[in-house]
Each structure stands twice: as C-alpha cells, then as structure tokens.
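Here is the naming used below: chain letters follow the sequence lines, and residue numbers restart at 1 for every chain. The basis for the numbers below is simple: all heavy atoms, side chains too, and nothing from hydrogens, waters or symmetry mates.
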Protein chains: 2
Amino acid sequence: MNWKELFPQFEAGLINAIEKEAVQRSFNAGDVLMRTGQYIKSTALVLEGRVKIYRENQEGGEFLMYYLGPGQACAVSMICALQSHTSEIMAVAEEDSEVLMIPVQLMDDMMNKYKTWYQFVIQTYRNRFDEILSVVDNIAFRNMDERLEFYLKRYVEKTGKKSVEISHQQIADDLNSSREVISRLLKKMEQRNLVKLHRNMIELVQ
Amino acid sequence: MNWKELFPQFEAGLINAIEKEAVQRSFNAGDVLMRTGQYIKSTALVLEGRVKIYRENQEGGEFLMYYLGPGQACAVSMICALQSHTSEIMAVAEEDSEVLMIPVQLMDDMMNKYKTWYQFVIQTYRNRFDEILSVVDNIAFRNMDERLEFYLKRYVEKTGKKSVEISHQQIADDLNSSREVISRLLKKMEQRNLVKLHRNMIELVQ
DNA sequence: ATTACGCTGTGATTTCTGTCACATTGTAAA
DNA sequence: TTTACAATGTGACAGAAATCACAGCGTAAT
C-alpha cells in the first residue's frame, strides 16, 4: 500500500521531503517503539497496524492512554521531538505495524515550510489532548464497570473488529486493575447481556 | 506593571500586533473565564493572578487539572481557538486576575508571521501536556493520601505561599473526593508532622 | 492420551473511600 | 454578648476494589 493515501492532505513538497528523509520501519506485535526515559530521535507516523501508548510507573503499574492507528501520529513524540526531550510514555506495537520515522531535526523546518504539516501537527495535538481528557474523565469520575465498558467500546472502534481478542489479565493491566475484578465485572456484563465471554475473546452484543 | 516583561521572548512585531488587537480584561476571584460547552472566541494569556482549569461532569463533579499563573496560557483555548471548537474545560479566576484576550481570528496569522509566538504556543502545549500526564499518573496510580500531598505541594509551588489558605471542602472538590476523607487524611498528615492545621489554612512543615 | 500451563470462575477477607449523622469550634454579624 | 453559620472532628457503616486462595477448563506440546 502507498502511504500517501493515508495523508491525502499533504502537499507535494512535503511528500517529497518525507520521502527523501524519513525511514519506514516494520515492528512486530510486542516490539517497543519508545520507552519511558528514552531520548526521542524521531516522530512516528503509523501507516499500518496499531500502536499502544501507555504510561508506566516505578512499581510496575501500567496505564493505557490511547491507541494510534493508520494515519495517526504520536503527539508526545512531536512535542518532545521539537525540544529533544526524553519520552514520558511507552509506545508498543499491538499488532505487526509499519511506521514512518521522521528525524527530529526536520520537524522545525517542516513546520515552517509546509502549511499542511503544520495543520497536521496542530490537529494531532488536539486529538490527543481530547483523548487524554476523556481518559481523565473516566478515571476521575467513573467506577471500574463503566471504565471497562468504555475500554471495550474504544477497542472495537479502534480495531474495527466486533470482538475483543485479549485476555482478562491484559485488560486489567491496561486499566491498572486486577484480573479477578475484570473477570467479575465481565460476568456481570454477560448477565446484563452486553457481552458473550469466550476464551481470549469477548464478543460485544449488537 | 507592563505585561511585556512577562514575555521577554516576544519579537517586536508580535508585541505590536498584540497591543493593537488584544484586549486586557480584569476578573475578580470566582469569575468564570470559560465554561464547558461554550464557544471559544479568544485565547487567554494570564498576566496577573491565578486561573484554575478544571473538568466538570454532568453529575456536578469537578476535577482540577492545573493552574495558570502570570506568563502562562491555556493550551485548550489555543487548540480550540485554531478550530473554533467549543471548550471542554472550565476556567475560573482563583484570585483577582488580569488576562490578555487574543481574538481567535488572529491566531493562525500570528502562528505564521511570528516565530516567537509559534514557539510560545508549542512550549505551552508541551507544558500543559506534561501537567496532564502527571495528573493522570496521580489518579491512576496513587491513593488519596498521596494525591493530597501532591495537591498541597503543587499549590504552594504555584502560589509561592508557604501555607494553603483554603477549606477542606474546596480541596475535596478539586480532588473529586469528600470533605470527611480530606479532613481525616490531613489529620494523619498532622500526626506525621507534615502539616499544621488551622482554620481555612494548612501550614506545610518542611 | 497425557501432561503442563495459561485462562477463567468464585468465595473470603481486607483496605480504601464515600456517606450519614452529629458534635465541637471559630468567626462574623446582629 | 448573643446568635448564626461555616469549618472541622469523628464514629459508624456501606460499597468498590484489591488481594489471597484455590478449583475447573481449554489448548498446545509431548
């Protein structure tokens, strides 16, 4: 597939610049793109697959922020890139993924030269900011049952699948909860006829 | 006081543009600068005082995101401004405040024309993003006692005072908790000799 | 088929937090 | 001073969620 189709708004000069300077890399499911505390050398544009962005703390806890799909970019890497800061988040490929890596040094120049890049960056900021705001809403105002429903809904939206093919343990990790709690809440959802439970798979009803 | 001293990095042309087009407004403590769901007509630069940015939900819950002090700007209003979106947050003056309001229509032009404005906006994004990340860390990974300590610490950092001059109820609101819980945790902190409690005032011991 | 292991179900218990009820105290207004 | 009210202290209880313990069940490897 041609990556340009994912970014039809990009102007010709920008496309040339990216083609000349950016590197396309493949990641296997589970590969780490970016680690907490690491220096950021490039901004990542996702072309294929799915990349999970999450926060990590010292005690080994995790917390899912959001997913990046084809056509999306990591706002954190843009912001950090512009100031050669270290990363505050983890980025891991959830599926086998293709990612376009744009070296930091180009960012500033591209922002000035290419209006469509500038707009893309601004748009990315806004979208990620919004996602984080809804994440904050969820943990600040909602109980685990509602957070779980939100999580499942977001998962199917993001993947396009109609079932969530992961284990209860993984969900617990993403929500910084525990496996038993998630299992019990899922059972309750099944009783309310919202989901059907299978091994490694949660089917959303309707 | 001259507002330009707060933004020594701004170039001459930018200062002229702001002086010609922006409006300086005064807000009393408690005044609402921006309301959830409202259309954003301008970007706010805080010159004096302190503005509280928080999230609100339907059931009347609140949740403090961060404060803006002199020289700081609201990232949300910038992002929204650039796309004439509605606000997702509440902004309220905590103290009597002076704020420079820059009409949205100018934002795009200023971003292109003035390099120092562009850098200021990027810097603002990064700072607010970082603040939200540490907020997420706190609610995702920490119990209320640690969140309270973080809250008090941030308060004294932001105000420059060495004591927190607000009621337990207000703290509870900011943390989306309840007054009794905060009172009890503060008592425990007092027993650990971290604070001294007074009426409407919490003195930090160090 | 047998084994091993990861996934899921479920009870019991504990901790943290929110809620209700009510007492006490400090401060400002009458 | 007396009154009124807001702020704080505290016990009792309820509910959400974490933790521990262990049983049953699928599936993949042998």
Pick the nucleotide of DNA chain D nearest each of A:L175 and A:R199; which residue has the one closer to the 5' end?
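Looking at the nearest nucleotide for each, A:L175 comes out on the 5' side.
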Measure from the side-chain heavy atoms of [X] and tell me the nearest of [options].
X      : options                : result
A:R184 : C:dA21, C:dG11, C:dG18 : C:dG11
B:S183 : D:dG9, C:dT17, D:dT19  : D:dG9
B:N200 : D:dA17, D:dA7, D:dG26  : D:dA7
A:E180 : D:dC20, C:dC20, C:dT27 : D:dC20
A:V181 : D:dA17, C:dG18, C:dG26 : D:dA17

Taking only Lys NZ, Arg NE, NH1 and NH2, and the carboxylate oxygens of Asp or Glu, determine whether A:R35 and A:E56 approach each other closer than 4.0 Å.
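Looking at A:E56 together with A:R35, the answer is no, because their closest N to O distance does not fall below 4.0 Å.
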Whole-Å gap separating [atom2] ([N]) and [atom1] ([X]):
X      : N      : atom1 : atom2 : value
B:Q170 : D:dT8  : CD    : P     : 9 Å
A:R142 : D:dA16 : CZ    : C1'   : 16 Å
A:F141 : C:dG18 : CZ    : C1'   : 16 Å
A:N176 : D:dA16 : CG    : P     : 19 Å
A:I182 : D:dA18 : CD1   : P     : 8 Å
B:N143 : D:dA16 : CG    : P     : 18 Å
A:I171 : C:dG9  : CD1   : C1'   : 15 Å
A:R179 : D:dA21 : CZ    : P     : 14 Å

So does [X] get a side-chain nitrogen or oxygen closer than 4.0 Å to the phosphate oxygens (OP1/OP2) of [N]?
X      : N      : value
A:S167 : C:dG6  : no
A:S177 : D:dA18 : yes
B:H168 : D:dT8  : yes

Rounded to the nearest 0.5 Å, how far does OG of B:S183 lie from NZ of B:K188?
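Here the rounded value is 12.5 Å.
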Pairwise distance CD(B:E94) to CG(B:L64) - rounded to 0.5 angstrom
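Going from the CD atom of B:E94 to the CG atom of B:L64 covers 7.5 Å.
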For A:D173 and A:Q169, what are the C-alpha separation, side-chain angles and deciding distance, and is it a side chain to side chain donor-acceptor pair (under 3.5 Å)?
CA-CA 6 Å; A:D173 289 344; A:Q169 183 63 62; 3.2 Å; yes
Could you check whether the rings of A:W117 and A:F120 sit parallel, tilted or perpendicular, using 30° and 60° as the cut-offs?
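A:W117 vs A:F120 ring planes: tilted.
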